[in-house]
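Sequence positions, counted from 1, serve as the residue numbers for this chain.
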Amino acid sequence: MSEKLYQPGILEPVPAVARYVFFELRGGSGDADAIRESLKRLSPLANGSDLVVGLGLSLVQALGARVDGLHAYPDFSGHGVEVPSTPAALLCWIRGDDLGELLHHTRKVQKALAPVFSISHVVDAFRHAWSGSHGKDLTGYEDGTENPEGEAAEAAAFAPDGSSYVAVQQWLHDLDAFEALGEQEADHCIGRHRGTNEELDDSPESAHVKRTAQESFEPEAFLLRRSMPWMAGMQAGLLFVAFGRSLAAFEAQMKRMAGQEDGITDAIFTISKPVSGAYFWCPPMRGTQLDLRAVGS
């Protein structure tokens, strides 16, 4: 991809703090012109770095448009696990270093989108125990170890036009259950040694690393993960965020995690559970603003 047309925040490292703000169309608004006006007001705020934007299927349909590859979030539930689908019209990933500034940025976005859009859900996230090029999950295990880098990251995350597809899941950790595990049992749940981050050869087939090994799929299922821990009161977990040139790689991994491939469910389900799940299409950039021509805006 010679010219960088993608939203740059997708490729940049995760920020110190972030807000994932999910919007719905107020009253199921079907006024395409009003929606376009709202998106036009949002566009100057969306530089693709401090604010990454994703459009949900319901929004694309309300605009009378179609984005190849964007579809409803499938039902992955079964084999004793629940994987909920919680679609939203619009995702705004607001990134920065200061929570106060993120609040002010959120208010600007909210006002730009009103009255057509209303906030349905907000997840405040943060970077935890940053070391080298990766942060850690709240369990203490390094997150994003096998993320592709450089040109491989671009190839995994972006379609040729610079657009991207993103799967977003909010996972709620049972930290009491995790802390009750012995050291070896915890390592076998993840498939890595927590202290060294080395992959374990003797971990069971249910280990998370074995369930999601990107090179073990046919075709290979590489994604660019930009997950961040979250907390609200005494609840906490991981906001799993994975960008891809399509949604196929995420779906292949999720099906295997949920036991749909061989009946073996990912051991991660014993200490955490997804409480939300949604797909979005992240449009490319045109200069310093979003390129929404694909959806007629």
Side-chain angles (χ1 to χ4, degrees), residues 7 9-10 12-25 42 45-46 48-59 73 76 82-113 117-130 134-139 141 143-144 164-175 178 223-244 250 254 268-269 271-282:
Q7 296 185 58
I10 295 172
E12 293 167 359
V14 295
V17 289
R19 306 194 94 194
Y20 296 83
V21 188
F22 300 86
F23 289 87
E24 60 185 4
L25 288 168
L42 175 67
L45 302 174
S49 184
D50 300 326
L51 172 58
V52 174
V53 174
L55 280 62
L57 180 62
S58 63
L59 174 54
Y73 190 89
F76 297 106
E82 295 293 328
V83 186
S85 173
T86 56
L90 185 71
L91 168 67
C92 289
W93 179 23
I94 304 173
R95 304 156 37 87
D97 299 310
D98 179 82
L99 283 173
E101 287 303 316
L102 291 191
L103 172 64
H104 291 307
H105 201 161
T106 304
R107 286 173 53 80
K108 290 178 182 178
V109 169
Q110 183 183 27
K111 290 179 179 179
L113 291 170
F117 292 85
S118 60
I119 293 176
S120 58
H121 186 49
V122 177
V123 179
D124 287 310
F126 54 93
R127 192 173 64 206
H128 173 56
W130 188 253
H134 299 103
K136 290 186 177 182
D137 178 64
L138 293 172
T139 58
Y141 288 90
D143 182 60
S164 184
Y165 298 84
V166 61
V168 183
Q169 290 177 309
Q170 186 175 4
W171 286 74
L172 174 63
H173 288 354
D174 185 342
L175 292 174
F178 172 74
L223 294 163
L224 182 65
R225 288 166 290 160
R226 288 293 183 258
S227 306
M228 299 181 73
W230 66 271
M231 65 178 179
M234 292 305 294
Q235 290 192 320
L238 185 74
L239 206 291
F240 175 81
V241 180
F243 292 92
F250 168 78
M254 194 67 241
I268 203 77
F269 283 102
I271 60 168
S272 189
K273 65 178 182 180
V275 295
S276 72
Y279 285 159
F280 301 92
W281 172 72
C282 299

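- Between F76 and F250, the ring planes lie perpendicular to each other; the angle is over 60°, past the 30° to 60° tilted range.
- A side-chain contact (heavy atoms from CB on, under 4.5 Å) with Y73 holds for exactly one of V83, T86, V168; it is V83.
- Summarising the local packing, CG of D97 is surrounded by 12 or fewer heavy atoms from other residues, nucleotides or ligands at distances under 6.0 Å.
- Not counting sequence neighbours, the partners of R19 by the salt bridge (Lys or Arg N to Asp or Glu O under 4.0 Å) test are D124.
- In the model, S49 has a side-chain atom that pairs as donor or acceptor with a side-chain atom of E12 under 3.5 Å.
- Distance alone, capped at 3.5 Å, is enough to place a donor-acceptor pair between the Q7 side chain and the V53 backbone.
- For the pair P274 and F269, the minimum side-chain heavy-atom distance is below 4.5 Å.
- Note that the CZ atom of R107 and the CD1 atom of I119 stand 10.0 Å from one another [nearest 0.5 Å].
- Contact of the L42 side chain with the V109 side chain is registered, since non-hydrogen atoms from C-beta on lie closer than 4.5 Å.
- Interatomic distance, L102 CG to T106 OG1, rounded to the nearest 0.5 Å: 6.0 Å.
- No side-chain heavy atom of V21 sits less than 4.5 Å from a side-chain heavy atom of L91.
- Between the R226 side chain and the F243 main chain, no donor and acceptor come within less than 3.5 Å of each other.
- Closest approach of A236 and L172 over heavy atoms only: O-CD1, 3.5 Å.
- Taken from CG in L90 to CG in L55, the straight-line distance is 5.5 Å, to the nearest 0.5 Å.
- In this structure, I271 CD1 and D174 CG are separated by 8.5 Å, a value rounded to the nearest 0.5 Å.
- Nearest heavy atom pair, residue A88 against residue A278, reads N-CB, 4.5 Å.
- Closest approach of Q170 and V123 over heavy atoms only: OE1-CG2, 3.6 Å.
- At least one side-chain heavy atom of I10 sits under 4.5 Å from a side-chain heavy atom of C282.
- With rounding to the nearest 0.5 angstrom, the CG atom of D50 is 10.0 Å from the CD atom of E101.
- Within the model, atoms OG of S227 and CH2 of W171 stand 10.5 Å from one another, a figure rounded to the nearest 0.5 Å.
- Using a 4.5 Å heavy-atom cutoff, the side chains of M228 and P15 are in contact.
- Nearest heavy-atom pair, S164 versus G244, reported as atom, atom and distance to 0.1 Å: OG-O, 3.4 Å.
- For the ring pair (Phe, Tyr, Trp, His ring centres under 6.0 Å) test, residues two or more places apart in sequence or in another chain that qualify with Y20 are W93.
- Shown here for E24 and A89, the closest heavy-atom pair between the two residues is CA-CB, 4.0 Å.
- T139 places none of its side-chain heavy atoms less than 4.5 Å from the side chain of L238.
- No close placement of the W230 and F240 rings is indicated, their centers lying 6.0 Å or farther apart.
- In terms of heavy atoms, H105 sits closest to L45 at NE2-O, 4.0 Å.
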Between F117 and L59, is the side-chain contact (heavy atoms from CB on, under 4.5 Å) condition met? List the steps.
CA-CA 10 Å; F117 292 85; L59 174 54; 3.7 Å; yes
